Asks: 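Take this structure, written in structure tokens, and hold onto it; I'll ask about it next.
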Amino acid sequence: MNELKNSISKNPIEQTLDASTMTSFDHVIINANLATFSAQHGFGINTGGDTNEQADSIPYGQLLNAAIGIKNGKIAWIGAQEQITAYLPHYQKHQITDVDSKWLTPGLIDCHTHIVYGGNRSNEFEARLQGASYQDIAAQGGGIVATVTATRAASIESLFAQSEKRLLALMKEGVTSIEIKSGYGLDLNTERKMLTVARQLGEKYDIHVSTTYLAAHALPTEYKDHADDYIEQVCEWLPILHAEGLVDAVDGFCENIAFSTEQIRRVFEVARSLNLPVKLHSEQLSDIGGSALVAEYKGLSSDHLEHLSEEDIKKMAASNTVAVILPGAFYTLRDTKLPPIEALRKHQVPIAISTDCNPGTSPLTSLLLTMNMGCTLFYLTPEEVLAGSTVYAAQALGLPNKGKVEVGCDADLALWDIARPADLAYQMGLNPIQGIMVQGKWREIV
């Protein structure tokens, strides 16, 4: 790499500030290598066809031998180590973290999860390996019905205790923000219970939790053959739960085995009336136009996408809708239909990646392993999967101040003992986390 490109001092926004500012930070991190994922520092996977523009792109937006100044939970300054050295005597020892040339990335973001649910379905996993079909399992009360039954029966305390374990597993790997969906209640009280638990998890661990209303996830047994009637209920519950402060976004499952585009449109119209952003489970099993619908509503993301058409990719690009791909489900289901990665790259659609943690098709609580799967199964690069777990995951949740190491952004950071950023996707089963910072405060790794 051209050394001039990697010199922080060459970036005009990284000039040394006046002495009063340089001595006023709440905390200073020194001797750091940064994977910023900030366009201000040269990051840009999707740079189009301009050769010169591509030549100027810096992998990971990386800055070596860097320092960060943090104020009021935000990144207030980024510069070369040498720019802060003279001011360090003004700080107390506890205000300085010397990371000894380790790597800092934005805190990881898991942008598509179902971690709040009751029970588990390992019995079904075992049965399938012994030859039982999906239909056999469903006929015996298994599948999503089993999770709905267990979730409805669980007390809020029990549901919290079960879900907490999954959140802690993700946090141990550097996750500082997470999306949590409802959708295993399929009635008002249980949807409320799930969303309440999601809020409680965020409050207890003081990390950002985006809550997503997913009552249009499946048809409950009491509405068998009456999907339109159930969607009417979904539309009625949404304003109630939104008024209670439990809903940040609205999702649905748009598939031949779930709900049609017209049924989802009814839900999206209610979301629009409440100024709530939308997203969708789309094109996992078939192409019935779910992503085009999300794009029409300028949705945050369209998720799964194995059967996504290039025509709908163009619509996603025009609406700046993020493509969220979920290799855990692809792996668990032994799918063979790959998402159209090359077409997404061609049309410069941002690609995020997530665990899709759920009891049936992706019981996965490792975002690091998810990144490896994104590389090995979907042929993404290590830079793409790390961007997909930071800056583009933040975009998929509508969080412009997260997912980047950039002045003005939240000081949510992960510290890694690695040789280079690619190690995070390359290694399997080894967690190199060294520290987590949330809103400018170092956290004990739980």
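As the structure is a prediction and not an experimental result, all values here were calculated from the model.
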Asks: Not counting sequence neighbours, which residues clear side-chain contact (heavy atoms from CB on, under 4.5 Å) with Leu300? List them please.
Replies: Pro277, Lys279

Asks: Would you please name every residue forming a side-chain hydrogen bond (donor to acceptor under 3.5 Å, both in side chains) with Thr321, sequence neighbours left out?
Replies: Ser319

Asks: Can you list every pair that meets salt bridge (Lys or Arg N to Asp or Glu O under 4.0 Å) and has a residue in residues 295-306, with sequence neighbours left out?
Replies: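 Sorted pair list: Arg265-Glu296.
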
Asks: Tell me every residue that passes side-chain hydrogen bond (donor to acceptor under 3.5 Å, both in side chains) with Asp98, counting only those two or more places apart in sequence or in another chain.
Replies: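 Expected list: Asn31.
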
Asks: Output all residues satisfying salt bridge (Lys or Arg N to Asp or Glu O under 4.0 Å) with Lys337, sequence neighbours left out; order by chain, then residue number.
Replies: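 None.
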
Asks: List in chain and number order the residues that pass ring-ring contact (aromatic ring centres under 6.0 Å, His included) with Phe378, two or more places apart in sequence or in another chain; answer none if no residue qualifies.
Replies: Phe330

Asks: Can you list everything that forms a side-chain contact (heavy atoms from CB on, under 4.5 Å) with Gln95? Sequence neighbours excluded, please.
Replies: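 For Gln95 the side-chain contact (heavy atoms from CB on, under 4.5 Å) partners, ignoring immediate neighbours, are Tyr91, Gln92.
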
Asks: Kindly write out the residues that satisfy salt bridge (Lys or Arg N to Asp or Glu O under 4.0 Å) with Arg443, not counting sequence neighbours, or none if the list is empty.
Replies: Asp206

Asks: List the residues meeting side-chain contact (heavy atoms from CB on, under 4.5 Å) with Thr85, not counting sequence neighbours, and say none if there are none.
Replies: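 Thr85 satisfies side-chain contact (heavy atoms from CB on, under 4.5 Å) with Gln81 once adjacent residues are dropped.
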
Asks: Between Glu255 and Ser286, do the side chains contain a donor N or O and an acceptor N or O under 3.5 Å apart?
Replies: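 On atom types as modelled, these side chains qualify, holding a pair under 3.5 Å.
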
Asks: Pairs under 3.5 angstrom only: tabulate donor-acceptor contacts from the side chains of residues 362-372 to other protein residues two or more places apart or in another chain.
Replies:
unit_1	atom_1	unit_2	atom_2	d
Ser362	OG	Thr355	O	2.8
Ser366	OG	Glu173	OE1	2.9
Ser366	OG	Glu173	OE2	3.0
Ser366	OG	Leu369	N	3.0
Thr370	OG1	Ser366	O	2.8
Asn372	ND2	Ala425	O	2.9

Asks: Only counting residues at least two apart or in another chain, list the ones meeting side-chain hydrogen bond (donor to acceptor under 3.5 Å, both in side chains) with Asn431.
Replies: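 Counting only residues at least two positions away or on another chain, Asn431 forms no side-chain hydrogen bond (donor to acceptor under 3.5 Å, both in side chains).
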
Asks: Who passes side-chain hydrogen bond (donor to acceptor under 3.5 Å, both in side chains) against His208, sequence neighbours left out?
Replies: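 If we apply the side-chain hydrogen bond (donor to acceptor under 3.5 Å, both in side chains) test to His208, skipping adjacent residues, the hits are Ser210.
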
